[in-house]
Amino acid sequence: MPCLAVLALATLVASSRPASADAWTEATFTGPTGKAAHGFATAAVDSPAARLLIGCESGADAWRGIALLERDPLPAPTAPEGGFESEVVTGFFGRAPVTARWRSKATADGLLSWPASSEELRRGLMREEQTRGRASLQVEIRRGDAARRLVFGLDGLAAHTTDLTARCDGWSAGGSGKPRERGW
């Protein structure tokens, strides 16, 4: 009888997870400079109206990076048309969270937020996805007294690295080494 319960639980968990590469879909969105951007996106586990975007705008000096798109954002402070800053805390399991100020701006797609530099976060996403089963990124957005915590599954991100590298002039290259085990 206990074996049946374990088998049922394992089946439930396996069937509730999307196929890893399928969690990331191609996306076209309005980038931070207002130009059309393209890349890949995944929805938050607990809030499908929030998406984590990885991509770029077209052109030599165009934006390339990671952004958060909220279709039902927290209340934003009154800000000029150019946007405002949000405090964003990002974290991976077993690592200290990082707090940073991200730019936030209303676009036709929703409220877009992005860090000044996405390189460290991109490397962290790739490292986490390659070294941990059920990899995830936790994001906490703070605007005034309001806060929202989102969790994004990272499984399958590496499957899109070649495509992202081609679209974004090599931006996602590197960090695609052999998976390694951690000594927890």
Kindly give the heavy-atom pair with the smallest separation between Leu112 and Gly31, and that separation in Å.
-> CD2-C, 3.7 Å
Closest heavy-atom contact between Gly83 and Arg103?
-> C-NH2, 3.6 Å
Hey, are the side chains of Phe84 and Arg143 touching, using non-hydrogen atoms and a 4.5 Å cut-off?
-> yes
Salt bridge or not for Arg123 and Glu128, using N-O below 4.0 Å?
-> no
Measure the CG-CH2 distance between Leu53 and Trp24 for me, rounded to the nearest 0.5 Å.
-> 8.5 Å
Residue pair Glu140 / Glu87, side-chain heavy-atom distance below 4.5 Å = no
State, without any angle test, whether Ser104 and Ser113 hold a side-chain donor-acceptor pair at a distance under 3.5 Å.
-> yes
Flag, side chain of Arg64 to backbone of Cys168, donor-acceptor distance under 3.5 Å = yes
Do the charged groups of Glu85 and Arg101 touch, with an N to O distance under 4.0 Å?
-> yes
If we only count heavy atoms from C-beta on, is the Phe152 to Val139 side-chain gap below 4.5 Å?
-> yes
Distance from Trp102 atom CH2 to Ile141 atom CD1, nearest 0.5 Å?
-> 8.0 Å
State whether the side chain of Asp109 and the backbone N or O of Phe29 hold a donor-acceptor pair below 3.5 Å, judged by distance alone.
-> no
Let me know which of Thr99, Leu137, Leu68 forms a side chain to side chain contact (heavy atoms under 4.5 Å, CB included) with Thr90.
-> Leu137
Could you walk me through whether Thr33 and Glu57 pass the side-chain hydrogen bond (donor to acceptor under 3.5 Å, both in side chains) check?
-> CA-CA 8 Å; Thr33 65; Glu57 296 172 343; 2.5 Å; yes
So, does Ser47 use its side chain to make a donor-acceptor pair with the main chain of Ala44 at under 3.5 Å?
-> no
Taking it one step at a time, do Arg142 and Val89 satisfy side chain to side chain contact (heavy atoms under 4.5 Å, CB included)?
-> CA-CA 8 Å; Arg142 300 174 184 163; Val89 181; 3.5 Å; yes
If every non-hydrogen atom of Trp114 is compared with every non-hydrogen atom of Ala67, which pair is closest and at what distance?
-> CB-CB, 4.1 Å
Is Leu157 close to Met126 at the side-chain level, that is, under 4.5 Å between some pair of heavy atoms?
-> yes
Ser118 side-chain N/O to Leu121 backbone N/O, donor-acceptor pair under 3.5 Å = no
Heavy-atom pair with the smallest gap, counting every atom of Val151 and Ser136 | CG1-CB, 4.0 Å
Test side chain to side chain contact (heavy atoms under 4.5 Å, CB included) on Arg122 and Ile66 and set out the steps.
-> CA-CA 7 Å; Arg122 182 198 63 81; Ile66 297 170; 3.9 Å; yes
Do Asp72 and Arg148 meet the salt-bridge criterion of a basic N to acidic O distance under 4.0 Å?
-> yes
Approximate separation, where rounding is to 0.5 Å, of Leu154 CG and Thr42 OG1 = 8.0 Å
Of all the heavy-atom pairs spanning Leu150 and Ala50, show the shortest one and how long it is.
-> CD1-CB, 3.7 Å
Can Arg127 and Glu129 be counted as an ion pair, charged N to O under 4.0 angstrom?
-> no
So Leu125 and Ile54, side chain to side chain contact (heavy atoms under 4.5 Å, CB included) or not? Walk me through it.
-> CA-CA 10 Å; Leu125 294 174; Ile54 299 176; 3.8 Å; yes
Taking NZ, NE, NH1 and NH2 as the nitrogens, is one of them in Arg167 or Glu26 under 4.0 Å from a carboxylate oxygen of the other?
-> yes
Expected output: side-chain Lys105 to main-chain Pro32 donor-acceptor under 3.5 Å | yes
